[in-house]
Number of protein chains: 2
Amino acid sequence: MESLKTALARISALSPDTEAAFLSAWKSWTLPKDHPVLREHTVSDYIYFIEKGAARIFYTKNGKTITEWLALDQQFFLSITSFFQRSPSHLGIHTLEPAELRGIHYQDFMSLADRYHEVERLLRKMITDSLILSQVRMDAIQFETAQQRYDRLMATQPEIIQRVPLTYIASFLGMTLETLSRIRSGK
Amino acid sequence: MESLKTALARISALSPDTEAAFLSAWKSWTLPKDHPVLREHTVSDYIYFIEKGAARIFYTKNGKTITEWLALDQQFFLSITSFFQRSPSHLGIHTLEPAELRGIHYQDFMSLADRYHEVERLLRKMITDSLILSQVRMDAIQFETAQQRYDRLMATQPEIIQRVPLTYIASFLGMTLETLSRIRSGK
DNA sequence: AGCCTGATTTGATAATTATCAAATACTATT
DNA sequence: AATAGTATTTGATAATTATCAAATCAGGCT
């Protein structure tokens with residue numbers, strides 16, 4: 001419980017009673033390794049926070065499974081388009097390690113955002129952070145070579161390489177498994 | 001004035017007095033063709049709305065000028081990272097056609113968002129829309145061929161081809177001018 | 001220890017797109 | 001209408017990365 005609270009406090013301060021109301025809306029799950037969190041083509045109702053463990057957000061394109069995001073301890077994740085547009089997501093999510101998850105339902109988040117200006121502000125800041133991340137990532141994908149994208153990952157999240165199978169990392173970085181392997185072997 | 005109001009109403013409803021307060025914070029500019037809106041490496045203080053005309057958001061990478069976004073009539077645009085992080089932007093912005101611009105300053109937007117819950121909600125929805133767009137675009141860049149990206153642009157914003165020089169469109173689509181030219185000629 | 005299964009590496013080749021270099025077309029202005 | 005300057009097209013070649021195929025490696029299980 002402590003770490004979700006800390007993570008939220010880092011984004012935006014809440015007054016004690018608002019914080020209590022908001023935190024109590026979050027549910028908890030303990031999931032084993034390789035367990036589904038969200039089935040593909042369903043509406044994603046939750047924003048998740050992974051207290052501990054690893055999860056993979058993926059989808060299928062032309063018969064291939066693409067890893068769209070990898071979430072490790074202390075990160076928020078969700079299917080953006082599905083959660084906000086309330087439409088079935090092409091995304092699936094499953095755990096890669098045993099995981100402690102927290103999640104807040106769309107309806108609960110929205111009614112709290114309606115009731116508390118501070119929660120609305122928190123939501124706005126969460127989305128802003130996510131948008132900034134998305135911009136940086138887009139730039140990387142569009143204008144960096146495969147080598148540069150790998151180097152960037154090593155610089156920012158080296159632990160990901162230890163904990164996640166290379167196949168997933170490859171597609172997360174927008175390259176094939178073979179290309180990633182060659183980059184890692186130093187050509 | 002009417003169209004900014006309409007565009008905002010489409011995003012989120014405001015009560016009459018909140019709307020009046022909010023709209024009055026927007027400034028107006030009339031700019032000629034090929035006129036700078038934001039100089040590179042400065043802090044971007046405004047969210048812009050282009051009533052009429054065309055603008056180009058760009059930056060320089062390895063000595064090349066990359067078009068990051070093209071905004072035509074009735075669109076909002078801004079340097080996301082600079083505006084929200086209050087840091088100098090690598091982005092520059094200039095007009096491609098004579099343009100009627102509206103803009104709201106960071107400080108004004110934020111203090112209105114602080115004062116009015118409804119403005120905070122509007123801001124949240126604007127950012128959400130932008131995030132969804134960003135996700136869709138990222139997916140296109142990462143997993144579609146040059147041909148598919150061109151086809152998508154033709155399907156969604158065909159008028160852009162008529163109004164914007166191909167060099168800019170090419171880099172907006174993440175390909176070289178030559179590649180775009182060959183795609184257009186049907187190989 | 002040996003085996004099985006999945007993960008990763010390596011090799012050969014193909015596809016896509018970029019780069020460099022002209023040639024041609026277009027536009028605005030005289 | 002001629003010209004200058006820019007925009008676009010075309011051609012030849014190179015670079016990057018994907019694809020397909022096979023070999024090797026690693027960890028869990030009997």
Side-chain angles (χ1 to χ4, degrees), chain A residues 32-35 54 56 58 60-68 70 94-98 137-154 158-187, chain B residues 32-35 54 56 58 60-68 70 94-98 137-154 158-187:
Chain A
K33 185 181 158 134
D34 293 320
H35 192 273
R56 168 174 170 256
F58 63 92
T60 306
K61 187 147 188 165
N62 307 328
K64 282 165 204 160
T65 302
I66 310 281
T67 296
E68 140 127 5
L70 291 167
H94 74 170
T95 59
L96 293 173
E97 299 175 0
R137 183 153 180 240
M138 184 147 67
D139 188 67
I141 287 171
Q142 190 161 14
F143 300 112
E144 291 181 354
T145 63
Q147 176 79 56
Q148 288 171 320
R149 277 173 272 146
Y150 175 74
D151 293 344
R152 174 189 293 270
L153 183 67
M154 283 301 276
E159 73 282 11
I160 230 172
I161 310 279
Q162 311 306 321
R163 292 168 59 180
V164 177
L166 292 179
T167 330
Y168 301 151
I169 293 174
S171 88
F172 175 56
L173 290 174
M175 63 186 78
T176 60
L177 173 61
E178 294 93 328
T179 296
L180 177 59
S181 176
R182 283 184 247 267
I183 283 172
R184 279 163 57 75
S185 78
K187 196 144 270 179
Chain B
K33 183 179 161 140
D34 293 320
H35 192 273
R56 166 175 172 255
F58 63 92
T60 307
K61 187 146 189 168
N62 307 328
K64 282 165 203 159
T65 301
I66 311 281
T67 296
E68 138 124 10
L70 292 167
H94 75 170
T95 60
L96 293 172
E97 297 175 0
R137 183 154 180 240
M138 184 148 66
D139 188 65
I141 287 171
Q142 190 161 12
F143 300 113
E144 291 180 354
T145 63
Q147 176 79 56
Q148 288 171 321
R149 276 173 273 147
Y150 175 73
D151 291 345
R152 174 189 294 270
L153 183 69
M154 283 302 276
E159 74 281 12
I160 229 172
I161 309 278
Q162 311 306 321
R163 292 168 61 181
V164 177
L166 292 179
T167 329
Y168 302 151
I169 292 173
S171 88
F172 175 56
L173 290 175
M175 64 187 76
T176 60
L177 173 60
E178 293 93 329
T179 296
L180 177 58
S181 175
R182 284 185 245 266
I183 284 171
R184 280 164 56 76
S185 78
K187 196 143 267 178

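Keep in mind that what you see is a predicted model, and the values were worked out from it rather than measured. Hydrogens, waters and symmetry mates play no part in the numbers below; they use all other heavy atoms, side chains included.
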Partner set under side chain to side chain donor-acceptor pair (under 3.5 Å) for A:Thr179, not counting sequence neighbours: A:Thr176

In Å and rounded to the nearest 0.5 Å, what is the [atom1] to [atom2] distance from [X] to [Y]?
X	Y	atom1	atom2	value
B:Leu180	B:Gln147	CG	CD	10.0 Å
B:Ile169	B:Arg163	CD1	CZ	11.0 Å
B:Arg56	B:Leu96	CZ	CG	7.0 Å
A:Ser181	A:Met175	OG	CE	11.5 Å

Pair listing, salt bridge (charged side-chain N to carboxylate O under 4.0 Å, His left out) test, anchored in residues 165-179 of chain A, at least two apart: none

Provide, to the nearest angstrom, the distance between the [atom1] atom belonging to [X] and the [atom2] atom belonging to [N].
X	N	atom1	atom2	result
A:Met175	C:dT16	CE	C1'	17 Å
B:Leu173	C:dA18	CG	P	11 Å
A:Leu180	C:dT8	CG	C1'	10 Å
B:Ile169	D:dA7	CD1	C1'	12 Å
B:Leu166	C:dA25	CG	P	16 Å
A:Arg184	D:dT17	CZ	C1'	18 Å
B:Ile66	C:dA18	CD1	C1'	12 Å

Inter-axis angle, terminal five-pair segments of the helix from C:dA1-D:dT30 to C:dT30-D:dA1 [nearest 10°]: 30°

Close side-chain approach of A:Gln148 to A:Thr145, heavy-atom, < 4.5 Å: yes

Check: A:Ile160 and A:Tyr168 side chains under 4.5 Å, non-hydrogen atoms: no

Partners meeting salt bridge (charged side-chain N to carboxylate O under 4.0 Å, His left out) with A:Glu144 (sequence neighbours left out): A:Arg152

Interface with DNA chain C, restricted to residues 139-154 of chain A and to heavy atoms under 4.0 Å: none

Sugar-phosphate, base or nothing in reach of A:Leu177, heavy atoms under 4.0 Å: base

Qualifying residue, where the test is side-chain contact (heavy atoms from CB on, under 4.5 Å) with B:Phe172 and the options are B:Val164, B:Leu70, B:Thr167, B:Ile66: B:Leu70

Distance test, side-chain N/O of A:Ser181 to OP1/OP2 of C:dT10, below 4.0 Å: no

B:Ser171 (side chain) donor-acceptor with B:Thr67 (main chain) under 3.5 angstrom: yes

Under 4.0 Å protein heavy-atom contact, by nucleotide of nucleotides 19-28 of chain D - B base, S sugar-phosphate only: BB--------

